[in-house]
Amino acid sequence: MSMLTQVSQSADIQEMASEATGKLRIALGLSTLNQADIKRLSAALSLAAAEEVEHNSSFASRLKLLFDELKPSKKPTLAKKHTTITDSIDDGLVPIATGINYTFNPTAPPDPFFLVKLYGPAQLRKALGRYSATRLKETSQKLVADKGLPVKPMSKATKDELIEYIASQVAG
């Protein structure tokens, strides 16, 4: 049976290596390993494999097959060209107000009340969609704390659920 079929197919290489190391530790009767022991085991395994490859063509073929099976299926991501915010955000938002007196704080969570003034209630969900789930959680927590809005458990909420909650509380 292939080592890859014994190890979870959806696991990444790091998880596969960790699981294989655990199986090897059990097979060799080793106790719990610390980082230094894992490095030493990896070195011993590499030395033993290098020696075995010289004498056992079947082992060499099997090792090459496993190596090829672990090859990433996707091409590595190439470095992206530098883009500006206006280049990367083209979601069709159109400001409906101008001359709003507002001081932007990039470290604060998004202010949905400002976004309603700037884009209107109809575009609020789209405007909130520009922010990460983490930032939206901060916004929902701030709404609850500052405005006394109804508390809803948000620790495992998806980005869409957070947007819907914020929009329903701010724009109705």
Side-chain angles (χ1 to χ4, degrees), residues 2-23 32-36 38-39 42 63-172:
S2 168
M3 178 63 96
L4 290 182
T5 57
Q6 292 176 359
V7 178
S8 171
Q9 288 292 331
S10 64
D12 67 8
I13 290 178
Q14 184 72 29
E15 291 169 337
M16 291 172 137
S18 179
E19 194 169 329
T21 300
K23 288 180 179 184
T32 305
L33 302 175
N34 62 30
Q35 253 342 85
I38 292 171
K39 287 180 182 179
S42 178
L63 184 58
K64 177 73 167 100
L65 177 68
L66 282 170
F67 177 76
D68 291 341
E69 286 180 13
L70 291 172
K71 184 177 181 180
S73 58
K74 295 187 227 175
K75 293 181 181 177
T77 306
L78 301 176
K80 296 179 181 178
K81 72 172 188 105
H82 178 71
T83 58
T84 62
I85 289 179
T86 55
D87 290 339
S88 62
I89 300 176
D90 185 17
D91 51 14
L93 278 174
V94 178
I96 62 168
T98 58
I100 299 173
N101 187 15
Y102 182 78
T103 303
F104 177 70
N105 180 352
T107 62
D111 181 351
F113 297 101
F114 167 72
L115 294 173
V116 167
K117 288 178 188 174
L118 183 61
Y119 296 112
Q123 297 185 90
L124 177 60
R125 286 169 179 79
K126 190 183 283 190
L128 290 169
R130 290 181 170 180
Y131 297 94
S132 69
T134 302
R135 299 302 281 178
L136 293 171
K137 282 180 189 175
E138 293 171 359
T139 297
S140 66
Q141 292 166 348
K142 188 166 174 31
L143 284 173
V144 169
D146 292 353
K147 308 293 183 195
L149 297 176
V151 176
K152 184 175 179 181
M154 292 290 165
S155 62
K156 295 185 179 182
T158 65
K159 182 175 178 177
D160 289 339
E161 290 170 336
L162 291 163
I163 289 170
E164 191 54 41
Y165 172 74
I166 295 167
S168 68
Q169 297 302 317
V170 175

- Message: Pair Glu164, Glu161 - check side-chain contact (heavy atoms from CB on, under 4.5 Å), show working.
- Response: CA-CA 5 Å; Glu164 191 54 41; Glu161 290 170 336; 5.7 Å; no
- Task: List the steps, then state whether side-chain contact (heavy atoms from CB on, under 4.5 Å) holds for Asp68 with Lys71.
- Result: CA-CA 5 Å; Asp68 291 341; Lys71 184 177 181 180; 5.7 Å; no
- Message: Run the side-chain contact (heavy atoms from CB on, under 4.5 Å) test on Val144 and Tyr165 for me, step by step, so that the C-alpha distance in whole Å, both residues' side-chain angles and the decisive distance to 0.1 Å come before the verdict.
- Response: CA-CA 11 Å; Val144 169; Tyr165 172 74; 3.6 Å; yes
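Side-chain contact between Thr139 and Lys142 is absent, with no heavy atoms from C-beta onward closer than 4.5 Å.
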Distance-only check: which donor-acceptor pairs under 3.5 Å involve side-chain atoms of residues 108-120, not counting sequence neighbours?
| from | atom 1 | to | atom 2 | distance (Å) |
| --- | --- | --- | --- | --- |
| Asp111 | OD1 | Phe113 | N | 3.0 |
| Asp111 | OD1 | Phe114 | N | 3.3 |
| Tyr119 | OH | Arg130 | NH1 | 3.4 |

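Here side-chain hydrogen bond (donor to acceptor under 3.5 Å, both in side chains) pairs that include residues 92-103, with residues two or more places apart or in two chains, number zero.
Remark: Leu124 CG to Leu93 CG distance equals 9.5 Å, nearest 0.5 Å. Taken from OG in Ser132 to NZ in Lys159, the straight-line distance is 7.0 Å, to the nearest 0.5 Å.
The nearest pair of heavy atoms linking Ala133 to Leu162 is O-CD1, 3.5 Å. The shortest non-hydrogen separation linking Ile166 to Leu136 is CD1-O, 3.5 Å. Minimum heavy-atom separation, Gln123 to Ile96: NE2-CG2, 3.9 Å.
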